[in-house]
Amino acid sequence: MPFQLYDTLTREVRDVFAMDGNTVRFYCCGPTVYGPAHVGNFRTFVLQDVFRRVLETNGQKTYHARNLTDVDDKTIRESQAEGVSLGEFTDRWAKRFNKDCSALNLLSPHIEPSAVGHVPEQIALISRLVDAGKAYQGPDGSVYFKVEAFKKYGALSRLADREITTSRTERETSDEYDRDSAADFALWKARRSEDGENYWDSPWGEGRPGWHIECSAICLKHMGESFDLHSGGVDLVFPHHENEIAQVEAVTHKTFARHWFHIAHLMVEGTKMSKSLGNLYTLDDIKERGYGPQEVRYLLLSGSYRQPLNFTFDSLNAASKALKKLADFAEKIDGSATPAGSPLVTEFGPFLPVQQAILKDMNTADALGKLFGLVREISDALLKGNYSKDETELVRLRTGFRAVLDLFGFSFSSSKTEEAPAEVVQWAEERWVAKQSKEWAVADQFREKIQQAGWVVKDSKDSFELIKA
Ligand code: AMP
Ligand code: ZN
């Protein structure tokens, strides 16, 4: 069964497939590292993670890129307010982001390129655009994309339907601008005093790249001129993704990304959760209220990605109860451990309807509904002794449930882990987070402490197990 997903560009639900017949190559716009990401941001990143898991549990290879925006108006402003260098500032928030990603059990992208690490590539792309007559240096020394010179400008966000005309009488220098303006936008920003030490040499004088050019240049380098799918939250459709397309297609004349996957917003009382509105919750805020990252993950998957989703503590509570049911079921079938002898954990067995539901436009809400229906049915059958006693049936059940957990990215500790003292479990959890963030020395310290307490930690792809030494 093919995996189908809504495509913002064609406004149709279309098959997701690898252009090269081998690996689905996809690019996700990553975080702007100027503070902790909020759970609204994580709605987008968790859905992108499930997108990858749907492919991989369906036997498909993937290549997942996610960038780090570490130079823009906001990162410069905030690092200066703190009086630290841009690198030190963004490095701290990038580490925090990766730590939160591990806590949420997000698979690490295959590459995580940064804007600062790709300044020459951005300058090279701007040069190509200037040489092709698609960009020009303005009287302020900044270089602008000439929107009029790219006839397809506005196709993704349907500017024409919104009766927005494009003109170069206006120029836009800020990284994020009004949804309703389609002015020429800055590719290279001439050095200003408020940029401090954050500037580079270029053929147009000292300055720094604009925000939109970073993703285009990074994609050209790491994804090629054309690739399978590009993703972000819906707020990125215009202007960011519209501008990304223009910057690349104006010089390559090829389709940039073949499929556009946008995730609707996480809302708080009817408004988008965002830093600028101050209505945000971070993972730490939620932890203080007694909920863990897995509950956040569940909440974020409880609605279809095409509809806005409301964040409430009631729904976190409901997530907590739902996860408890799944953990009990895992315990009942001893499904936390991968059954011995099962080669690849991609056989859904009795849980096939869950996979089929998610392959249809990644409706995680529908798939979770199917999962709970099956858990109820199977639990009843087990209770009544109606489930086949045949060991192969039980193995299919465990393997299938394991595949479902992989698909949604949930993980339950095995009963063996639960027997370990709380302190040891805590160390093991901290070690896991450190390991995911590639902080090897910290991870080793925890392993040592665990060993001294008489336990051994054993890792699998998504989780760990504690075994008495
Ligand atoms: P930023 O760090 O602001 O660049 O955003 C990182 C990602 O989070 C982008 O893909 C945004 O579109 C997405 N995003 C921001 N706010 C929300 C929200 N409330 N709900 C879902 N996604 C969001
Ligand atoms: Zn981007």
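Residues take their numbers from the sequence shown, with the count starting at 1. Remember, it's 1-based here, ligands and their atoms both numbered in the order they're listed.
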Close aromatic pair by centroid cut-off 6.0 Å: Tyr6 and Tyr305: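 Ring-ring flag for Tyr6/Tyr305: false, centres at least 6.0 Å apart.
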
Is the shortest distance from a heavy atom of [X] to ligand 1 less than 4.0 Å?
X	value
Leu236	yes
Phe42	no
Gly30	yes

Regarding ligand 1, does [X] bring an N or O atom to under 3.5 Å of one of the ligand's N or O atoms?
X	result
Val234	no
Asp235	yes
Asn41	yes

Distance-minimising heavy-atom pair for Leu300 and Val39: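 Smallest interatomic distance, heavy atoms only, reads CD2-O, 3.8 Å.
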
Nearest-0.5 Å distance, CZ of residue Arg402 to CZ of residue Phe351: 12.5 Å

Distance (rounded to the nearest 0.5 Å) between Thr62 OG1 and Phe26 CZ: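 Nearest 0.5 Å value for the OG1-CZ distance: 5.5 Å.
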
Under-4.0 Å heavy-atom contact with ligand 1, by part of His38 that carries it: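 The part of His38 near ligand 1 is the side chain, not the backbone.
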
Thr32, portion touching ligand 1 at heavy-atom distance under 4.0 Å: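 Both the backbone and the side chain of Thr32 come within reach of ligand 1.
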
Numbered atoms of ligand 1 (with element) below 4.0 Å of [X], judged on heavy atoms:
X	result
Phe45	6 (C), 7 (C)
Gly40	17 (C), 18 (C), 19 (N), 20 (N), 21 (C), 22 (N), 23 (C)
Pro31	2 (O)
Gly232	10 (O)
Lys272	16 (N), 19 (N)

Six-ring centre of Phe17, Arg258 cation under 6.0 angstrom, axis tolerance 45°: yes

Salt bridge [X]-[Y], side-chain N to carboxylate O under 4.0 Å:
X	Y	answer
Glu56	Arg52	yes
Lys152	Glu249	yes
Asp7	Arg14	yes

Angular separation of Cys215 SG and His240 NE2 about the Zn ion (ligand 2), given to 10°: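 Rounded to 10°, it measures 110°.
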
Minimum non-hydrogen distance to atom 20 (N) of ligand 1, winning option of Leu266, Thr44, Leu47: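 When every heavy atom of Leu266, Thr44, Leu47 is considered, Leu266 comes closest to atom 20 (N) of ligand 1.
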
N, O or S from Glu244 under 2.8 Å to the Zn ion (ligand 2):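 Yes - counting backbone and side chain alike, Glu244 has an N, O or S atom under 2.8 Å.
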
Between Asp72 and Tyr34, a side-chain donor and acceptor under 3.5 Å: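 Looking only at side-chain atoms, Tyr34 and Asp72 do not form any donor-acceptor pair under 3.5 Å.
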
Audit row: His259, His230, ring pair (Phe, Tyr, Trp, His ring centres under 6.0 Å) steps and yes/no: CA-CA 6 Å; His259 202 134; His230 198 310; over 10 Å; no

